[in-house]
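Beneath this line is the structure, given in structure tokens, with notes to follow.
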Amino acid sequence: MLNQPQQQAVKLTDKPLLVLAGAGCGKTRVITEKMAYLVHQGICRPESIYAITFTNKAAKEMQARAIKLVNGGEVLNVSTFHALGLRILQQEIKHTAYERGFSILDTSECQKVLQELLPKGLKKEISNQLQWQLSGWKNAALRPEEVNSTVPMAVEIYQSYLDYMVSINAMDFDDLILQALWLLNKQPEVLNRWQSQIGYLMVDEYQDTNASQYLLLKKLMGTGSHLTCVGDDDQSIYGWRGAQAENLQLLQHDFPDLEVIKLEQNYRSTSTILDAANAVIQNNPHPFEKKIWSDLGQGDAIQILSYPNAETEAEQVVADISFNQKVNKKNFNDFAVLYRSNHQAKLLEQALRLNNLPYQMSGGRSFFDYSEIKDLMAYIRLLVNPKDNAAFLRVINTPKRGIGMQTVQQVSALSKRLNKSFFVACSDNQGLSHLSEHAQSRIKPFVHMIQQHQTMKESAEVVVTSLVKQLDYVNYVNHSANNKVAKINKVKLVQDFLKWINALGKSQHLAIDELLNYLSLQTSQDDQTKEDAIKMMTLHAAKGLEFEHVYLVGVEEGILPHANSLADVDQEASAVEEERRLMYVGMTRAMQQLKISYVKKRKKRFPEEKVVSAGGPSRFLDEIPHELSNGHPSVKRSAEDQKVNNKKNFAAIKALLGD
DNA sequence: TGGGGTGATATTTTT
DNA sequence: TATCACCCCA
């Protein structure tokens with residue numbers, strides 16, 4: 001049964017609508033119910049309803065829920081922002097500077113491309129910074145000529161990066177949004193087509209949109225009123241990625257007849273947890289007043305615990321979970337341990353393993369970060385897009401086939417002379433004759449092998465399996481790893497990849513380019529088997545999820561809020577506000593029980609295990625009203641202590657940056 | 001020319 | 001705890 005404001009939100013279909021939904025207030029439910037309402041009332045056909053999420057997982061879940069509610073729900077368009085951009089670009093490819101089969105490069109591949117474009121003498125270190133800068137401009141939907149930078153060189157590189165990416169027929173993640181936007185801006189008839197195709201648009205986690213996503217959204221809407229955005233400014237935690245919660249206000253400005261509906265009744269947590277979370281988030285400025293509540297009873301007090309060191313923290317948390325699980329006959333699924341950054345998971349993992357408890361980590365290192373998977377992806381990219389120089393360079397000597405720098409340089413020169421991509425230049429027999437004997441003899445078999453697979457008409461999994469076999473890739477992996485454990489893991493990794501592709505191929509017939517697109521937009525293996533296991537993840541990864549028992553670990557100054565958010569004096573206020581929202585997100589994941597811990601001494605990770613004093617309990621702990629927690633340590637820091645700590649952190653950061 | 005070995009070096013959050 | 005740059009050997 002929907003409550004009053006939820007029903008309002010579902011039934012309001014003739015005006016643009018912003019739903020401000022607190023954590024756990026049923027926002028996804030509103031979207032799925034609204035899709036059903038639109039279809040069943042005959043307002044929209046399912047295929048003209050578009051719903052946008054930020055993660056694949058959310059999209060999949062929403063799709064599944066919608067199918068249960070909507071007749072013909074299979075044809076609803078539920079996708080991530082990036083997948084929608086991809087779809088537009090692919091469908092309208094002839095109106096762009098790109099060609100069919102363009103590659104999508106992940107962040108690290110793009111960085112390599114960028115490094116190639118850096119003028120000589122510029123060191124690798126700045127490429128990372130530069131990449132952030134370019135991404136920032138792209139997220140703000142700025143063309144090079146619109147950029148106002150104190151560093152003209154950076155703008156030049158931006159332009160050459162855009163040009164180079166077109167020349168190798170490749171896009172980065174930001175391009176999927178940006179190029180789609182630029183296309184719609186430029187081609188009125190394309191815009192028309194899409195505007196009429198989209199009967200109703202819904203956006204989940206709206207507070208996470210960046211400028212270019214917002215512009216795309218607005219473009220697709222036109223003057224239409226068929227828009228529902230659902231979001232929560234208090235859960236905006238992707239500011240570092242260009243997300244601007246101000247888009248909530250922008251919506252009001254750009255759509256004057258916008259209706260705003262608030263969802264404040266929470267169906268997830270006890271009132272103790274919600275009151276505490278409200279108290280914490282109250283310390284941030286609020287453009288929209290909102291206070292979530294529930295009638296699920298008071299429940300347990302929040303526990304705030306301190307431990308001498310991180311090892312003890314991990315042991316105790318694990319012991320507590322183990323005890324609780326046995327005594328109260330809970331599922332492991334009911335427990336989650338949340339932390340600010342990935343490396344904090346290590347000690348917890350050790351403790352869980354020591355105790356033989358099942359656990360599942362999400363986030364962290366993605367499947368696609370492993371070099372073996374990247375190699376195979378690059379091979380597939382080269383099959384689909386022969387212009388993909390980045391892929392060519394990655395695989396040309398992996399596995400080793402006696403092609404080194406010298407040969408690659410010859411190829412590079414040849415490609416310049418012919419004005420063709422590396423691979424295409426190498427497929428040109430006449431051109432090849434200019435290379436050295438040695439180079440020719442090594443390049444030719446490689447080219448043949450790729451060409452042979454390019455022309456295969458079979459479905460994707462057959463092509464990939466054949467490719468891996470012909471590369472003798474498993475054997476290569478087996479010989480390349482030094483350590484035995486790594487060896488076994490990496491072989492398993494490759495086999496898992498093949499298994500995954502084969503399973504995929506069985507459920508739906510995919511051509512190789514379709515497979516590549518699918519894989520390129522996957523980040524981690526979202527399709528993990530749902531076993532009964534303790535969940536471990538970062539606070540970012542936890543958004544949208546809920547657990548009966550939540551453990552928030554390492555809630556210390558310097559970790560949450562993160563040291564980097566304290567370092568930059570100019571941005572301190574807004575950076576700390578985002579950290580506070582992270583805290584808020586973490587707290588509101590808990591349904592029944594919330595346990596927060598911090599440690600007194602924490603080992604620095606590098607250079608050597610050195611004991612340094614931790615930053616002390618987080619300022620956010622002071623913001624939790626005492627009557628809602630027990631076991632609250634009385635070591636409340638004075639304002640002076642905090643200042644000293646901040647200064648120390650700041651000095652440490654400065655020293656690190658060599659400032 | 002390529003391959004392999006050895007030190008230094010860096011870790012916030014992710015589509 | 002890896003990865004990467006660099007250097008030396010076949």
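The chains referred to below are lettered A, B, ... by the order of the sequence lines, with proteins before strands, and numbering in each begins at 1. Keep in mind the model is a prediction, meaning the values are calculated, not measured. Basis for what follows: all heavy atoms, side chains included, without hydrogens, waters or symmetry-related copies.
- Once the 5.5 Å centre distance and the 30° plane angle are applied, the aromatic ring of A:His82 is found not to be stacked with the base of B:dT15.
- Listed pair A:Thr107 / B:dT14 fails the phosphate criterion, with no side-chain N or O lying under 4.0 Å from OP1 or OP2.
- Side-chain N/O atoms of A:Lys346 include one lying less than 4.0 angstrom from OP1 or OP2 on C:dT1.
- Separation of atoms CG (A:Asp234) and CG (A:Asn284) is listed at 7.0 Å; rounding is to 0.5 Å.
- Rounding to whole angstrom units, CD of residue A:Gln111 and C1' of B:dT11 are separated by 14 Å.
- When rounded to the nearest whole Å, the span between NZ of A:Lys374 and C1' of C:dT3 equals 11 Å.
- Contact annotation: A:Ser371 does not reach the phosphate of C:dT3 (side-chain N/O to OP1 or OP2, under 4.0 Å).
- A cation-pi arrangement is absent between A:Arg581 and A:Tyr584, since the terminal nitrogen or guanidinium carbon is not both under 6.0 Å from the aromatic centre and inside a 45° cone about the axis.
- Side chain of A:Arg340, nearest nucleotide from B:dT12, B:dT1, B:dT14: B:dT12.
- A:His82 and A:Phe54 have their aromatic ring centers separated by at least 6.0 angstrom.
- In this entry the distance linking CG of A:Leu84 with P of B:dT15 reads 17 Å, nearest Å.
- Along DNA chain B, the nucleotide nearest to A:Ile237 and the one nearest to A:Arg401 differ in position, and the one closer to the 5' end is contacted by A:Arg401.
- Atom OH of A:Tyr238 and atom P of B:dT12 are 16 Å apart (whole Å).
- Ion pairing between a basic and an acidic side chain is recognised when a charged N comes within 4.0 Å of a carboxylate O; A:Glu437 and A:Arg442 show no such pairing.
- Side-chain proximity of A:Ser341 to the nucleotides B:dT12, B:dT1, B:dT14 is greatest for B:dT12.
- Contact annotation for A:Asn397: backbone-only contact, meaning every heavy-atom pair under 4.0 Å involves sugar-phosphate atoms and none involves a base.
- Stacking of the aromatic ring of A:Phe81 onto the base of B:dT15 is not found under the criterion of centres within 5.5 Å and planes under 30°.
- For A:Thr80, taking side-chain heavy atoms from C-beta onward, the closest of the listed nucleotides B:dT13, B:dT15, B:dT1 is B:dT15.
- If A:Gly404 and A:Trp132 are placed on DNA chain B by their nearest nucleotide, the residue sitting closer to the 5' end is A:Gly404.
- At a threshold of 4.0 angstrom between heavy atoms, the contacts of A:Phe54 are confined to the sugar-phosphate backbone, with no base atom among them.
- Comparing B:dT1, B:dT15, B:dT13 by their nearest atom to the side chain of A:His438 picks out B:dT1.
- Partners of A:Thr407 by side-chain contact (heavy atoms from CB on, under 4.5 Å), not counting sequence neighbours, listed by chain and number: A:Ile403, A:His438, A:Ala439, A:Ile443.
- Between the NZ atom of A:Lys400 and the P atom of B:dG5 there is a distance of 11 Å, rounded to whole Å.
- The distance from atom CG of A:Asn128 to atom C1' of C:dA5 is 17 Å, rounded to the nearest whole Å.
- Rounded to an integer number of Å, the gap from A:Ile559 CD1 to B:dT11 P is 17 Å.
- Here the P atom of nucleotide B:dT13 and the CZ atom of A:Arg241 are 13 Å apart, to the nearest Å.
- OP1 or OP2 of B:dT12 has not a single side-chain nitrogen or oxygen of A:Asn342 nearer than 4.0 Å.
- The side chain to side chain donor-acceptor pair (under 3.5 Å) search around A:Lys218 returns A:Asp254, not counting sequence neighbours.
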